[in-house]
Amino acid sequence: MSAVTIEKPTLREGAFGHATGLVCRECGHRVELGPHYACIECFGPLEVAYDFPAVTRAQIEAGPSNIWRYKALLPVPSDIESSPNMEPGFTRLLEARNLAAELGLDKLWVKDDSTNPTNSFKDRVVACALSAAVELKAKVFACPSTGNLANAVAAAGARAGLKTVVFIPSNLETPKQVNSAVFTDSLVAVEGNYDDVNKLASEIAGEEEGWAFVNVNVRPFYAEGSKTLGYEIAEQLGWRLPDQVVIPVASGSQLTKVHKAFRELVDLGLVEDKPVKIYGAQAAGCSPVSTAYKGGVDAIRPVKPDTIAKSLAIGNPADGIYVLDICRETGGAVEDVTDAEVRAGIVSLARTEGIFTETAGGTTVAVLRKLVETGQLDTSLETVVINTGHGLKTLDAVAGSVRPAATIAPSYAAFAATGIA
Ligand SMILES: *Cc1c(COP(=O)(O)O)cnc(C)c1O
Ligand SMILES: [Zn+2]
């Protein structure tokens with residue numbers, strides 16, 4: 001299981017920064033830093049462990065306007081800025097007064113990750129995976145993807161001068177296919193859903209030497225990149241934590257890492273401790289975590305996805321059980337919405353805040369609305385909703401619901417007849 005597919009390279013000093021090893025989330029078994037992702041004792045997921053140095057707000061603020069301002073808290077070398085990468089992160093945290101008013105919330109912010117280099121939050125995780133792949137001297141940079149990850153891997157690999165091979169379900173939206181194919185000549189469309197593509201990737205990782213699959217054999221390093229979303233939210237709020245955050249759930253990795261980031265900031269003395277409710281958002285057509293949450297059970301039953309929110313369409317989410325734990329422990333919830341609600345969520349964010357989100361963001365905004373309407377979310381508390389991707393990648397989702405209000409002859413009389421003025 002712990003496929004060591006990359007031949008043990010000689011690691012340079014500080015290759016993974018202040019990381020000290022990989023520790024099993026389930027049983028605590030510890031292994032050395034390398035291309036390992038599953039515990040040899042219990043098959044549990046491995047996570048990066050650190051011995052953090054003392055870090056101050058001033059040191060972070062003096063860093064670059066991208067995720068490397070937090071490099072001391074990531075498994076990357078101290079000279080990370082000098083190797084070619086996409087420099088993602090430090091995206092806008094916008095106060096959303098109009099959307100707040102529409103939903104009946106007192107204070108709301110949108111963390112807008114659609115402005116990352118390849119227009120989704122995946123640039124963050126891929127930047128950390130790329131660093132690991134480079135330090136491990138991988139020959140090929142690869143991933144199975146629901147779309148955005150393929151875009152981010154293909155672009156980052158091109159910039160780093162690495163061979164990239166990316167695998168996607170063949171029914172993926174055309175814009176997401178083009179957004180990968182433009183960066184790599186090795187986009188592979190697989191006849192199957194994401195879970196089939198993922199299984200194939202694990203098989204290839206076991207057969208081929210020297211491949212770094214960002215979300216398979218270097219997943220522990222990859223996943224740490226999502227922590228930067230949590231760090232940024234706290235820093236941009238003026239070094240304090242919000243009361244509640246709504247986060248989309250595919251594999252569940254992002255949600256668990258935003259939660260971890262908040263805890264780390266408290267432990268490092270960078271923000272004051274306070275309770276933060278964490279909410280997970282899924283589409284009804286792929287809602288294994290929400291279903292388990294509502295059923296009051298601990299086990300996730302895998303599903304066959306059928307939703308327009310393709311970037312969230314993981315039927316067997318690796319971190320689903322940890323999402324359940326976190327949402328329950330913090331007093332949050334996991335909720336799901338229909339495809340019609342997803343479309344309405346996209347239009348609602350666009351019309352209130354001028355932000356064009358993809359189906360994942362439509363899901364998250366629609367879930368926020370549903371949480372308010374069902375009384376599961378306290379409207380008097382400060383809320384952050386995460387927009388993880390750009391609407392131009394899923395144009396088809398709303399192309400049928402938004403269109404010109406009128407098509408007219410170029411005359412004032414024709415315009416006046418429309419009643420728009
Ligand atoms: C991948 C992805 C997510 C969720 O990621 P997980 O960490 O797997 O839960 C959310 N939104 C978008 C747009 C994504 O591409
Ligand atoms: Zn274990």
Side-chain angles (χ1 to χ4, degrees), residues 1-2 22-31 36-47 111-116 118-126 128-129 143-153 168 172-173 175-176 179-180 194-195 198 214-215 219 222-230 246-260 278 280-283 286 288-290 307-320 322-323 326-327 334 342 346 357-365 367 385-394 397:
M1 264 303 273
S2 181
L22 297 170
V23 174
C24 174
R25 177 143 189 175
E26 288 296 324
C27 77
H29 180 73
R30 198 181 173 98
V31 296
H36 320 298
Y37 61 104
C39 176
I40 48 167
E41 299 291 328
C42 76
F43 302 127
L46 298 176
E47 279 208 311
K111 177 61 174 166
D112 185 15
D113 248 21
S114 68
T115 62
N116 268 315
T118 69
N119 303 103
S120 87
F121 102 97
K122 290 295 197 302
D123 291 312
R124 298 175 184 273
V125 279
V126 166
C128 291
C143 70
S145 170
T146 56
N148 284 316
L149 185 59
N151 300 170
V153 164
I168 54 166
L172 206 61
E173 301 98 327
K176 282 189 182 154
N179 266 300
S180 288
Y194 174 77
D195 299 281
N198 194 29
V214 303
N215 51 345
R219 185 174 177 88
Y222 156 94
E224 288 291 288
S226 281
K227 292 194 306 184
T228 59
L229 264 169
V246 188
I247 307 172
V249 173
S251 73
S253 175
Q254 177 182 149
L255 185 146
T256 65
K257 295 296 178 173
V258 169
H259 177 253
K260 185 182 183 195
I278 310 279
Q282 295 207 295
C286 183
V289 187
S290 160
T307 169
I308 58 165
K310 295 203 170 106
S311 53
L312 301 181
I314 297 184
N316 189 10
D319 293 307
Y322 305 119
V323 168
I326 290 167
C327 294
V334 191
V342 170
I346 293 174
T357 184
E358 70 148 82
T359 47
T363 302
T364 313
V365 169
V367 161
V385 63
I386 300 181
N387 171 31
T388 47
H390 204 293
L392 288 174
K393 292 198 197 185
T394 59

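Just the heavy atoms: all of them, side chains too, but no hydrogens, waters or symmetry mates, feed the values below. Order of listing sets the numbers, starting from 1, for every ligand and every atom in it. All figures in this text were calculated on a predicted structure; none of them were measured in a lab.
- Distances under 2.8 Å from the Zn ion (ligand 2) pick out the protein N/O/S atoms Cys24 SG, Cys27 SG, Cys39 SG, Cys42 SG.
- In this structure, the side chain of Asn215 engages the main chain of Pro144 through a donor-acceptor pair within 3.5 Å.
- In summary, the side chains of Glu358 and Ser311 do present a donor paired with an acceptor at a separation below 3.5 Å, with no hydrogens or angles considered.
- In this structure, ligand 1 sits under 4.0 Å from heavy atoms belonging to Phe121, Lys122, Asn148, Pro248, Val249, Ala250, Ser251, Gly252, Ser253, Gln254, Ser311, Leu312, Glu358, Ala360, Thr388.
- Of the N and O atoms on the side chains of Asn151 and Ser180, at least one donor lies less than 3.5 Å from an acceptor on the other residue.
- Side-chain N/O atoms of Asp319 and Thr256 include no donor and acceptor closer than 3.5 Å.
- Looking only at atom types and distance, the side chain of Asn179 has no donor-acceptor partner in the side chain of Lys393 under 3.5 Å away.
- Atom NE2 of residue His36 and atom CG of residue Leu46 lie 8.0 Å apart, to the nearest 0.5 angstrom.
- Of the possible polar contacts, one joining the Asp112 side chain to the Ser114 backbone as a donor-acceptor pair under 3.5 Å is found.
- By the side chain to side chain contact (heavy atoms under 4.5 Å, CB included) test, Thr364 is found to be paired with Val246, Pro248, Ala281, Val385, residues two or more places apart in sequence or in another chain being considered.
- Taking the side chain to side chain contact (heavy atoms under 4.5 Å, CB included) definition, one finds that Glu41 meets it with Cys27, His29, Cys39, sequence neighbours left out.
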